[in-house]
Amino acid sequence: MMLRCFLPFIALVLLLFVQESHQGKHERALLARLMKDYNPQERPIANDTETLEVQFGMTLQQILSVNERDQILTTNIWLRFTWFDNYLKWNVTENGGVQSIRMPPEKVWTPDVLMYNSADERFDGTFAANVVIDSSGGCLWIPPGIFRSTCNIEVANYPFDQQACRMKFGSWTYNGNELNLTKMWEEGDIENFMPNGEWNLIAVKVDRSEIVYPCCAEPYPDVTFTVLMERRTLYYSFNLIVPCVLMSLLTLLSFTLPPDSGEKLALGITILLSLTVFLLLISEKMPPASVVPLIGVYYALTIIMVGISVVFTIIVLNLHHRHPDFYEMSSPSRWILLEFLPKILFMKKPNFRKMPVVTYPSRKDMVRVGNRLANTLNQYDGYQPYGEQINIKELHSEDETVGLLPPQTASLLKDTTAILEEIKYITSQMRDQDDEGAGVNEWKYAGMVVDRLCLISFTLWSVANTVYVCVSPPSM
């Protein structure tokens, strides 16, 4: 309650002791005097024959995006202009110590500098910032803006590429005799640059030139800023290069699968379709050009490798499933597939026959063996020959063996000979089966040789492709 009673007294004391500020009155009077006869359309020079010099610089704040397909660079830039206005001078002492004033750009003369290669719909993307004017007539104008400029994107080394995007600025109406546009710095200001996640800024170069156009005899100066930037490759390496390398490895692993697994051909076709999808994704991002990007060449070579591997997989399956009853291996093919290539590929040649090759005895030898076998059996059993004796010639007229044997011995000899005949037939069948199996194994071994040859060849191809991608870009 006591504080509320003293509030009016405190306010009265403040009004008595606080002096009035005259700054607002002096600045208002100064602005009124300067703008009284000022014409913003007139060049601010004392003599119309003089050339007004305007220094021009640029501060690059951020690279917002690089559209490779539309070839447009979007940046956040602060332009910087300085010049002297002969009509905006005053004495600081006579104007209450006012050292600088701020004026809207539409009320004072400003250079009509525009970006020649602008891709913006409004063409000029700057914000109408105030012009800072000091007592000597020096004008400082820093209009910020979002600029969309055309840029010739070089896609030959994509995604390991470096780009040089140019932004050309110049007066739209004044020639070099009326307005001399000069560069403020030798390089663009990148001190406050905000890093981009995709692009690494290298430098911003500044060049000034004068061009005489066919329409006019006067030269027109311009200042060109060249933004040098390098693409960060980590994202593309993990999302484009690594999947392609893994698919190449899967293609190589397909040659290690046994043909009887049934997935040998399906794996190759699946990898081929996957690479085609990746190539379509890359082509959608790249601009239509006569130059194929490096990553496109890598994917194309890998697709060709996978396609050829599918063809050789079909050849391997054809060799593996061939049967000697329908296909007979020729002598040159046998020498190449079973002799020459296995030595080069360090493959051990297996024994295709399970049974050794034997020479079967004649019928006479079989009878002689049977006779000896019968005599041996008789001696073992303590058998004494008795009864009627049989001539061997009556049993086997084609044999020359002469001798008389007891009836039991002759019967045993006859059975023994029959048994040997059966053994010979069974052995002959087994030999035929072994010959057939040897022919099948030869074709299967030929398929294995082709598989091993493809594995080594395509491994070298895949390594060469990867090394080519890593070595070709200049930035690598």
Peer 1: Is any side-chain heavy atom of Val449 closer than 4.5 Å to a side-chain heavy atom of Met347?
Peer 2: yes

Peer 1: For Thr82 and Arg80, which I'm curious about, is there any donor-acceptor pair between the side chains at under 3.5 Å?
Peer 2: no

Peer 1: Assess the residue pair Met229 and Asn200 against the criterion (side chain to side chain contact (heavy atoms under 4.5 Å, CB included)); give the C-alpha distance rounded to whole Å, side-chain angles, the decisive distance to 0.1 Å, and a yes or no.
Peer 2: CA-CA 5 Å; Met229 51 188 176; Asn200 180 31; over 6 Å; no

Peer 1: Would you mind writing out the side-chain donor-acceptor pairs for residues 459-466 within the sub-3.5 Å range, not counting sequence neighbours?
Peer 2:
| from | atom 1 | to | atom 2 | distance (Å) |
| --- | --- | --- | --- | --- |
| Thr459 | OG1 | Leu455 | O | 2.5 |
| Trp461 | NE1 | Asn465 | OD1 | 3.4 |
| Thr466 | OG1 | Tyr298 | OH | 3.3 |
| Thr466 | OG1 | Ser462 | O | 3.0 |

Peer 1: Would you compute the distance between atom CG of Leu252 and atom CD1 of Ile456 and round it to the nearest 0.5 angstrom?
Peer 2: 11.0 Å

Peer 1: Begin from the C-alpha positions of Thr49 and Asn47 and carry the test side chain to side chain donor-acceptor pair (under 3.5 Å) through to its verdict.
Peer 2: CA-CA 5 Å; Thr49 59; Asn47 190 349; 3.2 Å; yes

Peer 1: Does a donor on one side chain and an acceptor on the other come within less than 3.5 Å for Ser330 and Ser333?
Peer 2: yes

Peer 1: Pairing donors with acceptors under 3.5 angstrom, does anything connect the side chains of His320 and Asp451?
Peer 2: no

Peer 1: For Glu328, I'd like to know if atom CD has over 12 heavy atoms of other residues, nucleotides or ligands within 6.0 Å.
Peer 2: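 Incorrect, the count does not exceed 12.
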
Peer 1: Centres of the Phe169 and Phe56 rings: under 6.0 Å?
Peer 2: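 When the ring centroids of Phe169 and Phe56 are compared, they turn out to be within the sub-6.0 Å range.
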
Peer 1: I'd like a table of donor-acceptor pairs (distance under 3.5 Å, sequence neighbours excluded) in which one partner is a side-chain atom from residues 212-225, with atom names and distances.
Peer 2:
| from | atom 1 | to | atom 2 | distance (Å) |
| --- | --- | --- | --- | --- |
| Asp222 | OD1 | Ser209 | OG | 2.9 |
| Asp222 | OD1 | Thr224 | OG1 | 3.4 |
| Asp222 | OD2 | Ser209 | OG | 3.2 |

Peer 1: Applying side chain to side chain contact (heavy atoms under 4.5 Å, CB included), can you list everything that pairs with Glu198, at least two apart in sequence or on another chain?
Peer 2: Glu68, Asn196, Arg231, Tyr236, Lys285

Peer 1: Would a line drawn from the ring center of Phe123 to the ring center of Trp172 be shorter than 6.0 Å?
Peer 2: yes

Peer 1: If we ignore angles and hydrogens, is there a donor and acceptor under 3.5 Å between the side chains of Thr173 and Asp112?
Peer 2: yes

Peer 1: Locate the shortest heavy-atom distance separating Ile241 from Phe160; write the atom from each residue and the value.
Peer 2: CG1-CZ, 4.3 Å

Peer 1: How long is the span from the CG atom in Leu265 to the OG1 atom in Thr313, to the nearest 0.5 Å?
Peer 2: 6.5 Å

Peer 1: Of Ile190, Val66, Thr75, Leu201, which meets side-chain contact (heavy atoms from CB on, under 4.5 Å) against Val227?
Peer 2: Leu201

Peer 1: Identify every side-chain donor-acceptor pair in residues 267-279 under 3.5 Å, counting partners at least two apart or on other chains, and give the distances.
Peer 2:
| from | atom 1 | to | atom 2 | distance (Å) |
| --- | --- | --- | --- | --- |
| Thr270 | OG1 | Ala266 | O | 2.8 |
| Ser274 | OG | Thr270 | O | 3.0 |
| Thr276 | OG1 | Leu272 | O | 2.8 |

Peer 1: What distance do Glu191 atom CD and Thr59 atom OG1 have between them, rounded to the nearest 0.5 Å?
Peer 2: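 These two atoms lie 9.0 Å from each other.
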
Peer 1: Return each pair, listed once, that meets ring pair (Phe, Tyr, Trp, His ring centres under 6.0 Å) where at least one residue sits in residues 249-270; pairs must be two or more places apart or across chains.
Peer 2: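 Those involving residues 249-270 are Phe255-Phe458.
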
Peer 1: Under the side chain to side chain contact (heavy atoms under 4.5 Å, CB included) criterion, do Thr182 and Arg208 qualify, and how do the steps go?
Peer 2: CA-CA 7 Å; Thr182 61; Arg208 182 188 180 278; 4.1 Å; yes

Peer 1: Pairs under 3.5 angstrom only: tabulate donor-acceptor contacts from the side chains of residues 140-151 to other protein residues two or more places apart or in another chain.
Peer 2:
| from | atom 1 | to | atom 2 | distance (Å) |
| --- | --- | --- | --- | --- |
| Trp141 | NE1 | Ala129 | O | 3.0 |
| Arg148 | NH1 | Ala119 | O | 3.0 |
| Thr150 | OG1 | Asn117 | O | 3.4 |

Peer 1: Measure the spacing between CZ of Arg322 and CG of Asn318 and express it to the nearest 0.5 Å.
Peer 2: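 So the gap between those two atoms works out to 4.5 Å.
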
Peer 1: Given Leu60 and Asn192, is the side chain to side chain contact (heavy atoms under 4.5 Å, CB included) satisfied, shown in steps?
Peer 2: CA-CA 8 Å; Leu60 180 60; Asn192 298 320; over 6 Å; no

Peer 1: If we only count heavy atoms from C-beta on, is the Leu294 to Tyr158 side-chain gap below 4.5 Å?
Peer 2: no

Peer 1: Give a yes or no on whether a salt bridge exists between Arg43 and Glu50, defined as a side-chain N under 4.0 angstrom from a carboxylate O.
Peer 2: no

Peer 1: In plain terms, say whether Arg232 and Glu230 are close enough for a salt bridge, that is, a side-chain N and a carboxylate O under 4.0 Å apart.
Peer 2: no

Peer 1: Test Lys107 against Tyr38 for side chain to side chain contact (heavy atoms under 4.5 Å, CB included), laying out the working first.
Peer 2: CA-CA 9 Å; Lys107 291 187 177 182; Tyr38 189 86; over 6 Å; no

Peer 1: For the residue pair Thr126 / Asp124, report whether a side-chain donor-acceptor contact shorter than 3.5 Å exists.
Peer 2: yes

